[in-house]
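Residue numbers start at 1 and run along the sequence shown.
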Amino acid sequence: MKYFTIDELCRSTTAKSKGIDNTPTPEIRAKLQTLIEELLDPIRESWSQAITVNSGYRCPDLNAAVGGVATSQHQKGEAADLNAGDPTKNKMLFNKIADLQKAGMIQFDQLIDESHYKWVHISYRSGNNRNQVLHL
């Protein structure tokens, strides 16, 4: 893990302010490590600029507190919401990630432009990635 840490993916101001324990299980920690190794670090390496994780792992209580859907991959340690600084940079990051996938350098489950590039959602499932590109 070169650029991102599991602790960084579990950090949450909402969890802290609401007293929610967002500590992942060993199984979820393993999935977070895979997410970092298979997607986040390679994306950051190629991007060559800072990327902030807005939201990574969310335990069920935290997911509910932030209004996440019940099937959110964040709860499984399989997703992260990324921010490159502003919507223009987020669109560039989104396109870079799509290009990396097309070049066969990474595989993802979902790449989502959230709210006109307010942030970029990326997810990874071991062995069963759909490579979906969505705009929500």
Side-chain angles (χ1 to χ4, degrees):
M1 296 183 288
K2 187 171 181 181
Y3 297 102
F4 297 94
T5 66
I6 291 173
D7 287 345
E8 177 181 8
L9 292 175
C10 297
R11 196 173 302 130
S12 167
T13 54
T14 301
K16 190 172 185 175
S17 70
K18 294 186 177 285
I20 298 171
D21 180 3
N22 197 44
T23 304
T25 64
E27 177 183 76
I28 289 173
R29 286 185 69 84
K31 288 183 178 183
L32 289 167
Q33 183 166 338
T34 300
L35 177 67
I36 291 168
E37 291 172 355
E38 296 294 327
L39 281 182
L40 301 184
D41 275 355
I43 289 167
R44 171 60 180 80
E45 183 78 26
S46 179
W47 180 244
S48 301
Q49 298 176 50
I51 298 172
T52 302
V53 175
N54 292 343
S55 182
Y57 170 65
R58 298 191 304 235
C59 69
D61 288 344
L62 177 57
N63 192 61
V66 300
V69 297
T71 57
S72 173
Q73 286 181 279
H74 288 276
Q75 294 181 100
K76 299 174 185 177
E78 297 177 341
D81 294 336
L82 308 176
N83 189 331
D86 60 47
T88 300
K89 286 184 180 177
N90 288 341
K91 184 176 182 179
M92 291 168 49
L93 176 63
F94 181 94
N95 291 334
K96 171 63 110 178
I97 295 168
D99 289 345
L100 291 170
Q101 186 274 329
K102 287 176 191 167
M105 298 176 72
I106 62 169
Q107 296 294 310
F108 50 74
D109 189 47
Q110 291 183 318
L111 172 64
I112 305 174
D113 151 29
E114 299 270 5
S115 304
H116 303 287
Y117 302 101
K118 190 172 182 181
W119 67 86
V120 175
H121 171 97
I122 188 83
S123 62
Y124 183 87
R125 299 190 306 190
S126 294
N128 193 18
N129 287 294
R130 298 172 284 180
N131 291 302
Q132 291 182 332
V133 177
L134 306 168
H135 299 270
L136 302 179

Interatomic distance, D81 atom CG to N90 atom CG [nearest 0.5 angstrom]:
10.5 Å
Passing option when F108 is tested against I43, I122, L35 for side-chain contact (heavy atoms from CB on, under 4.5 Å):
I122
T23 and D21: side chain donor to acceptor below 3.5 Å:
yes
Can you classify the ring geometry of F94 versus H135 as parallel (below 30°), tilted (30 to 60°) or perpendicular (above 60°)?
tilted
Nearest heavy-atom neighbours spanning S55 and H74:
O-CE1, 3.5 Å
L111 reachable from L9 in the ILVMFWY side-chain graph, under 4.5 Å edges:
yes
Which residues share a side-chain contact (heavy atoms from CB on, under 4.5 Å) with K91, sequence neighbours left out
N95, Y117
Is any side-chain N of the basic residue among D109 and R125 closer than 4.0 Å to the acidic one's carboxylate O?
yes
Straight-line distance of R130 CZ to Q110 CD, nearest 0.5 Å
4.5 Å
Least distance between heavy atoms, K18 atom then A65 atom:
CD-CB, 3.9 Å
Just do the side chain to side chain contact (heavy atoms under 4.5 Å, CB included) check on N129 and Y124 with the steps written out, would you?
CA-CA 6 Å; N129 287 294; Y124 183 87; 3.3 Å; yes
Could you state the interatomic distance from CH2 (W47) to CG (L82), rounded to the nearest 0.5 Å?
11.0 Å
Tell me every residue that passes salt bridge (Lys or Arg N to Asp or Glu O under 4.0 Å) with K31, counting only those two or more places apart in sequence or in another chain.
E78
So how far is it from R58 CZ to Q73 CD, rounded to the nearest 0.5 Å?
11.0 Å
Can you tell me how far CG of D99 sits from CE of M105, rounded to the nearest 0.5 angstrom?
10.5 Å
Can you name the residues that form a side-chain contact (heavy atoms from CB on, under 4.5 Å) with P24, not counting sequence neighbours?
C10, I28, R29, L32, Y57
For the residue pair S123 and L39, what are the closest heavy atoms and their distance?
O-CD1, 3.5 Å
